[in-house]
Amino acid sequence: MQFETERLILRLITQDDFDSWRSILSDAETMKHYPAPYDDVGVQRWINWTLDNYDRYGFGLWAVILKESGEFIGDCGITMQNINGQTLPEIGYHIHKAHWRKGYASEAARCCMAYAFDTLGFPAVYSYMTDSNAASYGVALKNGMKLVETYEDASHVKHRVYAITFQEWKDKD
């Protein structure tokens with residue numbers, strides 16, 4: 001499975017991506033909205049979880065590769081997430097900090113949203129993030145999502161939930 005956008009290739013993540021993933025998931029600045037950066041065990045757990053999602057659902061997070069250079073710069077995809085007690089299809093993304101503010105997360109997320117609606121047939125997709133993650137909700141807003149909920153989790157971390165329905169997605173273009 002592979003998708004292409006104007007500047008990106010989205011492909012399945014493999015064990016061969018470990019070192020590239022480690023450079024992203026172990027970085028304190030990149031992971032500041034998570035409890036802590038990931039060590040090697042955490043990176044491997046992330047890859048295993050991603051591979052399990054492919055087997056379980058037929059989709060998951062995909063590697064984001066720059067077409068121009070072939071560089072692995074992050075991930076973007078669809079995962080089934082527990083969002084305030086509901087299991088919902090979430091569009092998630094993580095981009096290496098060297099590639100922030102270039103529109104890659106938005107471009108990749110639009111590709112994943114199209115797949116979620118056109119191929120998987122979801123009636124709506126969601127993105128959720130900590131309340132402090134302005135860059136992440138900026139991507140959601142840029143792609144036509146609207147704030148639909150805020151909540152505090154069991155660890156007292158505030159979250160924002162953004163969503164877009166299939167009809168809103170269709171009407172947006």
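- From N82, atom CG reaches atom CD of E90 across 11.5 Å, with rounding to the nearest 0.5 Å.
- Judged purely by distance below 3.5 Å, without hydrogens or angles, the side chains of E149 and H159 never pair a donor atom with an acceptor atom.
- For the atom pair CG of L141 and CZ of R160, the computed distance is 8.0 Å after rounding to the nearest 0.5 Å.
- A donor-acceptor pair under 3.5 Å links the side-chain atoms of K67 to the main chain of T5, judged by distance alone.
- Scanning both residues, W21 and V43, for their nearest heavy atoms gives CB-CG1, 3.9 Å.
- Looking only at side-chain heavy atoms (C-beta outward), F59 and N53 stay at 4.5 Å or farther from each other.
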Taking only distance into account, with no hydrogens and no angle test, what donor-acceptor pairs under 3.5 Å do side-chain atoms of residues 109-116 form with protein atoms, sequence neighbours excluded?
residue : atom : partner : partner atom : Å
R110    : NH1  : S106    : O            : 3.4
R110    : NH1  : N143    : OD1          : 3.0

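- Hydrophobic cluster membership for L88: I83, Y126, Y128, V148, Y151, V161 (Ile, Leu, Val, Met, Phe, Trp, Tyr linked by side-chain heavy atoms under 4.5 Å, directly or transitively).
- When every heavy atom of Q2 is checked against every heavy atom of R11, the shortest pair comes out as OE1-CB, 4.1 Å.
- In this structure a side-chain-to-backbone donor-acceptor pair under 3.5 Å is present from D153 to V157.
- Nearest heavy-atom pair across V64 and A108 is CG2-CB, 4.2 Å.
- The 12-atom threshold is exceeded at CD of Q15, counting heavy atoms of other residues, nucleotides or ligands nearer than 6.0 Å.
- Under the 3.5 Å distance criterion, the side-chain polar atoms of T79 are left unmatched by any main-chain donor or acceptor of Q81.
- If you check the side chains of Q44 and N48, you find a donor sitting under 3.5 Å from an acceptor.
- Below 30°, between 30° and 60°, or above 60°: for Y162 and Y137 the angle between ring planes is below 30°, a parallel geometry.
- For the pair E168 (side chain) and M145 (backbone), a donor-acceptor distance under 3.5 Å is absent.
- S127 places a side-chain N or O within donor-acceptor distance of the main-chain N or O of I91, the cut-off being under 3.5 Å.
- Looking at D40 and R22, their side chains come closer than 4.5 Å, going by heavy atoms from C-beta outward.
- The CG atom of L66 sits 11.0 Å away from the CZ atom of F72 when rounded to the nearest 0.5 Å.
- The OG1 atom of T119 sits 8.5 Å away from the CD1 atom of I78 when rounded to the nearest 0.5 Å.
- Within the 4.5 Å cutoff, side-chain heavy atoms of Y93 are placed close to those of S136.
- No side-chain donor-acceptor contact under 3.5 Å links D17 to the backbone of S20.
- Heavy atoms from other residues, nucleotides or ligands lying under 6.0 Å from NZ of K146 number 12 at most.
- Not one N or O on the side chain of D75 forms a donor-acceptor pair closer than 3.5 Å with the backbone of W62.
- Minimum interatomic distance between S23 and H96 (heavy atoms only, all atoms of both residues): OG-CD2, 3.8 Å.
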